[in-house]
Amino acid sequence: MPKGIPETVPDDGLTTRQRRTLPITAVHTGPGKGKSTAAFGMALRAWNQGWPVGVFQFVKSAKWKVGEENALRVLGASGEGGTVAWHKMGEGWSWVQRSTEAEVSSEEAAKEGWEQVKRDLAAETYRFYVLDEFTYPMHWGWVDVDEVVAVLKDRPGSQHVVITGRYAKEPLTELADLVTEMTKVKHPMDAGRKGQRGIEW
């Protein structure tokens, strides 16, 4: 695809401009490092365009502080680009009010997160969504992949969605406009080195 020129032009009746503004569904999957990192890079571009950004982290613990979270929160509050809302399943989700004694299983929390994503898509709350590690609730059977595909396919407006995580199911990759599989060639952990500051977080 030299110089950004498509190899084929579909006979869909759309102009180049119309085709260029269609919403994108992207999936970053595979065993290699960099799936979330790439998604947050896309979120930076969305922020720069002035788009509202919604991040939903479906697996990471509340204790796990990724550097992109702090950076995007600061940028979102700066008034320079778009707004940024960051939601973590590990914190019980920011929109759920429950007593401190209430225990919710990971499966229930994942379902709550997906229900909120559906509400936000219907309301066109954000222009750009990062559903981080959302492939896992689908892989584990907590969230129905066919429902996800149907909701994404019928979402209104021009809302872009990027989903990250291993084991992306075929119906999801079939729907997606952009699928990138991260492969591992080498990793520091192969040499017994654990994650380090400034690289993993």
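Sequential numbering from 1 along the given sequence is applied to the chain's residues.
The structure places CZ of R45 at 12.5 Å from NE2 of H160, a figure rounded to the nearest 0.5 Å. To the nearest 0.5 Å, atom CZ of residue R166 and atom NZ of residue K35 are 5.5 Å apart. Rounding to the nearest 0.5 Å gives a distance of 11.0 Å between OG1 of T15 and CZ of R20. Note that the CG atom of D144 and the CE atom of M138 stand 10.0 Å from one another [nearest 0.5 Å]. Atom-to-atom distance recorded for L172:CG and I163:CD1 is 4.5 Å, nearest 0.5 angstrom. Atom OG1 of residue T25 and atom NZ of residue K153 lie 11.5 Å apart, to the nearest 0.5 angstrom.
The shortest distance between side-chain heavy atoms of K169 and V148 does not fall below 4.5 Å. Between K118 and E147, the closest side-chain pair of non-hydrogen atoms falls below 4.5 Å. L44 places a side-chain heavy atom less than 4.5 Å from the side chain of L75.
Between D132 and the options Q57, K88, H87, a side chain to side chain donor-acceptor pair (under 3.5 Å) holds for only Q57. Partner W114 forms a ring-ring contact (aromatic ring centres under 6.0 Å, His included) with one of Y136, F56, F134, W93 and no other, that one being F134.
Between A122 and P156, the shortest heavy-atom distance links the atoms O-CG, 4.0 Å. Annotation for A109 and V104: closest pair N-CG1, 3.7 Å, computed over non-hydrogen atoms. Taking every heavy atom of both residues into account, F58 and A110 meet most closely at CE2-O, 3.6 Å. Taking every heavy atom of both residues into account, R127 and S158 meet most closely at NE-O, 2.6 Å.
Cluster annotation: Y167 and W140 are assigned to the same hydrophobic cluster (Ile/Leu/Val/Met/Phe/Trp/Tyr, side-chain heavy-atom contacts under 4.5 Å, transitive). Note: the hydrophobic cluster containing V162 does not contain M182 (ILVMFWY, side chain heavy atoms under 4.5 Å, direct or indirect links).
Ring orientation note: the planes of Y126 and Y129 are nearly perpendicular, at an angle over 60° on the 30°/60° scale.
The pair E115-K111 does not count as a salt bridge, with every side-chain nitrogen at least 4.0 angstrom from each carboxylate oxygen.
With hydrogens and angles ignored, the 3.5 Å screen pairs a side-chain donor or acceptor of R155 with a backbone N or O of L152. Without hydrogens or angle criteria, T164 side chain to E133 main chain gives a donor-acceptor distance under 3.5 Å.
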For this session: Decide yes or no on side-chain contact (heavy atoms from CB on, under 4.5 Å) for E68 and T37, but give the supporting numbers first.
Result: CA-CA 8 Å; E68 295 95 340; T37 305; 4.0 Å; yes
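When the side chain to side chain donor-acceptor pair (under 3.5 Å) test is applied to S106, no partner is found at least two apart in sequence or on another chain. A43 is linked by a side chain to side chain contact (heavy atoms under 4.5 Å, CB included) to V53, L72, F128, V130, counting only residues two or more places apart in sequence or in another chain.
Among residue pairs with one or both ends in residues 172-186, those qualifying as side chain to side chain donor-acceptor pair (under 3.5 Å) are K184-D190; sequence neighbours excluded.
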